[in-house]
Participant: 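Attaching a single structure in structure tokens format; questions to follow.
Heavy atoms only: backbone and side chains are in, while hydrogens, waters and symmetry mates are out. In listed order, ligands and their atoms are each counted from 1.
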Amino acid sequence: MTVRQLIRPVGILGGTFDPIHYGHLRLAQEALEQCRMRRVRFIPSGTPPHRLPAQATPQQRLEMVRLATASNPAFEVDEREVFRAGPCYSVHTLESLRDELGAQQPLCLLLGSDAFLQLHTWHQWGRLLQLAHLVVMQRPGRPLGNAMEEADEALRAEYYARLAPSPQRLQEQPSGAIVALEMPPLDIAATDIRRRTAERRSTQYLLPDSVAEFIQKHQLYTHAYR
Ligand code: ATP
């Protein structure tokens, strides 16, 4: 039997990051540690296909991600989506990352449980698992165990067929496994941060001070909240 060498995975965290907050950062840190990743790449989205356009500009969202990740040498920021006009699909991003990093490198798409439960609505979602593993992090209010029973049938079938007993599986093959992880629950959402900012309430301790200062300096999210 040939024993495949274990390769530490690269994590990919896509998001609108409007703005980035401690929920995103802790998710990335937990995945990094629990899955022995070599690094996590943050990829701010361009024009998101499933949602309203972001309130901050692409440049501002990118800048906030840079500020929030600057102190962590294992975090990197990727601009490949953010300035693209028109819809950006994760499957195309993963294809370009696969070309860049090679066929053997384990790639892990990091998702909160809310995002994972919508995966069946993503463009060519079945192909995502040919390109990468999925690492699903429990998000408060969206527990995966119960939700899976009511999830889309095809998604549920993929989940149970591919669920790996431990994160070690992610180092053994380049793609195709699903791992569900726990993190200290942080019930933080960008929507809530935008609402608090519009209502002139404090957002301290929900996101890094550097990001809060940027929001204040550029007067982001001060008007009509959504
Ligand atoms: P919004 O409130 O505008 O919907 P958001 O806070 O959910 O934004 P996104 O940029 O949409 O942030 O999220 C990117 C990814 O991070 C998604 O996979 C999402 O599930 C995950 N995520 C966001 N917040 C948390 C959190 N508090 N805990 C765990 N995962 C999170």
Participant: Mind checking whether M137 contacts ligand 1 via backbone (N, CA, C, O), side chain (CB onward), both or neither, at a 4.0 Å heavy-atom cut-off?
Facilitator: neither
Participant: For A190, take its heavy atoms, then give the atoms of ligand 1 lying under 4.0 Å from any of them.
Facilitator: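 Close to A190: 1 (P), 2 (O), 3 (O), 5 (P), 6 (O), 8 (O).
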Participant: Quick check on D18 - does any of its heavy atoms sit under 4.0 Å from an atom of ligand 1?
Facilitator: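 Flag not set, D18 not near ligand 1.
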Participant: Counting each atom of ligand 1 from 1 as listed, which ones have a heavy atom of F17 under 4.0 Å away?
Facilitator: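 Heavy-atom distances to F17 below 4.0 Å select 10 (O).
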Participant: Between D114 and ligand 1, does any nitrogen or oxygen pair lie at a separation below 3.5 Å?
Facilitator: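 The answer is yes, given that D114 and ligand 1 share an N or O pair closer than 3.5 Å.
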Participant: Atoms of ligand 1 less than 4.0 Å from R194 heavy atoms?
Facilitator: 3 (O)
Participant: For ligand 1, indicate whether the residue T191 contacts it via side chain, backbone, both or neither (heavy-atom separation under 4.0 Å).
Facilitator: both
Participant: So is P185 in contact with ligand 1, going by heavy-atom distances below 4.0 Å?
Facilitator: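 P185 does not count as a contact of ligand 1 under the 4.0 Å cut-off.
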Participant: Are any of the N/O atoms on L110, whether in the backbone or the side chain, positioned under 3.5 angstrom from an N/O atom of ligand 1?
Facilitator: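 No, there is no polar N/O contact under 3.5 Å.
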Participant: Looking at Y22 versus Y205, is the centre-to-centre ring distance below 6.0 Å?
Facilitator: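 Not under 6.0 Å, so no.
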Participant: Any side-chain to backbone donor/acceptor pair from R194 onto D18? Under 3.5 Å, distance only.
Facilitator: yes
Participant: With a cut-off of 4.0 Å, which atoms of ligand 1 are near a heavy atom of I188?
Facilitator: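 Answer, ordered by atom number: 24 (N), 26 (C), 27 (N).
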Participant: Would A189 count as a polar contact of ligand 1, with the cut-off being nitrogen or oxygen pairs under 3.5 Å?
Facilitator: no
Participant: Check each of C108, P9, P167 against V135 using the side chain to side chain contact (heavy atoms under 4.5 Å, CB included) test, and report the only one that passes.
Facilitator: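 In the set C108, P9, P167, the residue that makes a side chain to side chain contact (heavy atoms under 4.5 Å, CB included) with V135 is C108.
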Participant: Only heavy atoms of L111, strictly under 4.0 Å: list the atoms of ligand 1 that pass.
Facilitator: 18 (O)
Participant: Quick one: does H24 get a heavy atom under 4.0 Å from ligand 1?
Facilitator: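 The answer is yes: ligand 1 sits under 4.0 Å from a heavy atom of H24.
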Participant: Using distance alone, decide if ligand 1 has a nitrogen or oxygen within less than 3.5 Å of any nitrogen or oxygen in L186.
Facilitator: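 N/O-N/O distance below 3.5 Å exists for this pair.
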Participant: Look only at interatomic distance and state if H21 has a nitrogen or oxygen under 3.5 Å from any nitrogen or oxygen of ligand 1.
Facilitator: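 Yes.
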Participant: State the atoms of ligand 1, each with its element, that fall below the 4.0 Å cut-off from a heavy-atom position in A115.
Facilitator: 18 (O), 20 (O)
Participant: State the atoms of ligand 1, each with its element, that fall below the 4.0 Å cut-off from a heavy-atom position in G14.
Facilitator: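 Here the atoms of ligand 1 in question are 14 (C), 15 (C).
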Participant: Does R139 reach ligand 1 with a nitrogen or oxygen that is under 3.5 Å from one of the ligand's nitrogen or oxygen atoms?
Facilitator: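 Among all N and O atoms of R139, at least one is under 3.5 Å from an N or O of ligand 1.
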Participant: Starting at OG1 of T16, measure out to CD of Q55 and round the result to the nearest 0.5 Å.
Facilitator: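 Rounded to the nearest 0.5 Å, the OG1-CD separation comes out at 11.5 Å.
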Participant: Side chain, backbone, both or neither: which part of R26 comes within less than 4.0 Å of ligand 1 when only heavy atoms are counted?
Facilitator: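 It is neither part, as no heavy atom is under 4.0 Å.
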Participant: List every atom of ligand 1 that sits less than 4.0 Å from any heavy atom of G23, numbering the atoms from 1 in the order shown and giving each element.
Facilitator: 26 (C), 27 (N)
